[in-house]
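Because the structure is predicted, anything quoted here is derived from the model rather than measured. All chains are named by letter (A, B, ...) in the order of the sequence lines, taking the proteins before the strands, and each is independently numbered beginning at 1.
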Number of protein chains: 2
Amino acid sequence: MTDGVLDLQRFFPYRLAVLAEEVSRTVAQLYADRFDMTRQEWRVLAAVAANRQMAAKEIAEYSTLDKMSVSRAVAALEAKALISREEDPADRRNKLLTLTPSGRAMYQKIVPLVRAREDYLLGALSPTERDMLDDILNKLTSRARDLRQRG
Amino acid sequence: MTDGVLDLQRFFPYRLAVLAEEVSRTVAQLYADRFDMTRQEWRVLAAVAANRQMAAKEIAEYSTLDKMSVSRAVAALEAKALISREEDPADRRNKLLTLTPSGRAMYQKIVPLVRAREDYLLGALSPTERDMLDDILNKLTSRARDLRQRG
DNA sequence: TATTGTTATACTCTATAACTATA
DNA sequence: TATAGTTATAGAGTATAACAATA
């Protein structure tokens, strides 16, 4: 183990990447195949649905997307009439976003589907494991952010 | 929680994706910024280093890459003289890959660096948590694969 | 005919940065 | 000058499929 060879199958960053990609695909099957949305569009839709009336910058922070991804996802969602945009009267640089009725309807169709997949996945774990996973994800995410900032 | 709104910050697939992306970046900082390798090239390098003399198909299985990604990563690594290719005399469709001395030297520079990052990340966890995380990753990966295959 | 590996193509994603309009 | 958002562009990743060589 501590010799010069690294076994990819036991290397945590690799295992995490494989799991996350697999999970991401199972969720994307729902919103991509059935509702023709990209991952970015889904995240923006979920962000606006959960918060109502957000500026693009707030969406970027909430969804961990950069502002360009948000901008393009918003344009795509607007073209599909799933969200609408209006200027913020208090600061006309901001474009406030809300779901249209059909955007909300689509969101409400997708949510139970992705929740069911989440439940199925987490159903592999005991309640104790689920609680611990919650802590573990928080701790690891915090460390990973430290690491990346410090280089 | 069970109303129609999904909080992205509490949604497991989202949290997992954010963590995995963050971890992937901290590791990529090492092999990309310092050694000018893509993620695919790093995975292929690691696969060949851990197994010696692999055919492209075996690399694809070991590294969870598809055969085209392997083919292009191999071409790139060969152009940098990090791996070499020879025909398998037993089946001339196979191209057996091995690291060149400079490929092995680069691998041996990278391994301690990525191991240090892995150790730092997992250092956020107690030994109990680390053991449990190991099980959890296995269980979730197995379920996610089930889910994706069944659609 | 089936398999290994390569090549072609097109689409998505990501990153940097220039640009606009407001402030 | 600084900020919110858009647009441009190029590089990297991914997916489908056609293809060549070999079995």
Do the non-hydrogen side-chain atoms of [X] and [Y] ever get within less than 4.5 Å of each other?
| X | Y | result |
| --- | --- | --- |
| L30(A) | F35(A) | no |
| Y31(A) | M106(A) | no |
| E22(A) | R148(B) | yes |

field: Salt-bridge present (R10(A), D134(B); N to O < 4.0 Å)
entry: no
field: NZ/NE/NH1/NH2 to OD/OE distance under 4.0 Å, R85(A) and E78(A)
entry: yes
Find the distance [X]:[atom1] to [N]:[atom2] and express it as a whole number of Å.
| X | N | atom1 | atom2 | answer |
| --- | --- | --- | --- | --- |
| E87(A) | dA23(C) | CD | P | 8 Å |
| Q29(A) | dT14(D) | CD | P | 17 Å |
| E61(A) | dT3(D) | CD | C1' | 13 Å |
| E41(A) | dC11(C) | CD | P | 15 Å |
| D91(B) | dG5(C) | CG | P | 8 Å |
| M37(A) | dT12(C) | CE | C1' | 16 Å |
| E86(B) | dT4(C) | CD | P | 19 Å |
| R92(B) | dT6(C) | CZ | P | 15 Å |

Is the distance from OP1 or OP2 of [N] to the nearest side-chain N or O of [X] less than 4.0 Å?
| X | N | result |
| --- | --- | --- |
| R93(B) | dT3(C) | no |
| S71(A) | dG5(D) | no |
| K95(B) | dG5(C) | no |
| N94(B) | dG5(C) | yes |

message: Any donor-acceptor pair under 3.5 Å linking the side-chain atoms of S84(A) with those of T98(A)?
response: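 The criterion, which ignores hydrogens and geometry beyond distance, is satisfied for S84(A) and T98(A).
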- request: Select base, sugar-phosphate, or nothing to describe what A75(B) touches, counting heavy atoms under 4.0 Å on all strands.
  value: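 Counting heavy atoms under 4.0 Å across all strands, no contact is made by A75(B).
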Audit row: K139(B), E129(A), side chain to side chain contact (heavy atoms under 4.5 Å, CB included) steps and yes/no: CA-CA 11 Å; K139(B) 287 177 181 171; E129(A) 285 174 323; 2.9 Å; yes
Where do N or O atoms of nucleotides 14-18 of chain C meet protein N or O atoms at under 3.5 Å, pair by pair?
{"unit_1": "dT14(C)", "atom_1": "OP2", "unit_2": "Q40(A)", "atom_2": "NE2", "d": "2.9"}
{"unit_1": "dA15(C)", "atom_1": "OP1", "unit_2": "R25(B)", "atom_2": "NH1", "d": "3.0"}

statement: Closest to the 5' end of DNA chain C, once A90(A) and R85(B) are matched to their nearest nucleotides, is R85(B)
Per K57(A) side chain, nearest of listed nucleotides dA4(D), dA23(C), dT22(D): dA4(D)
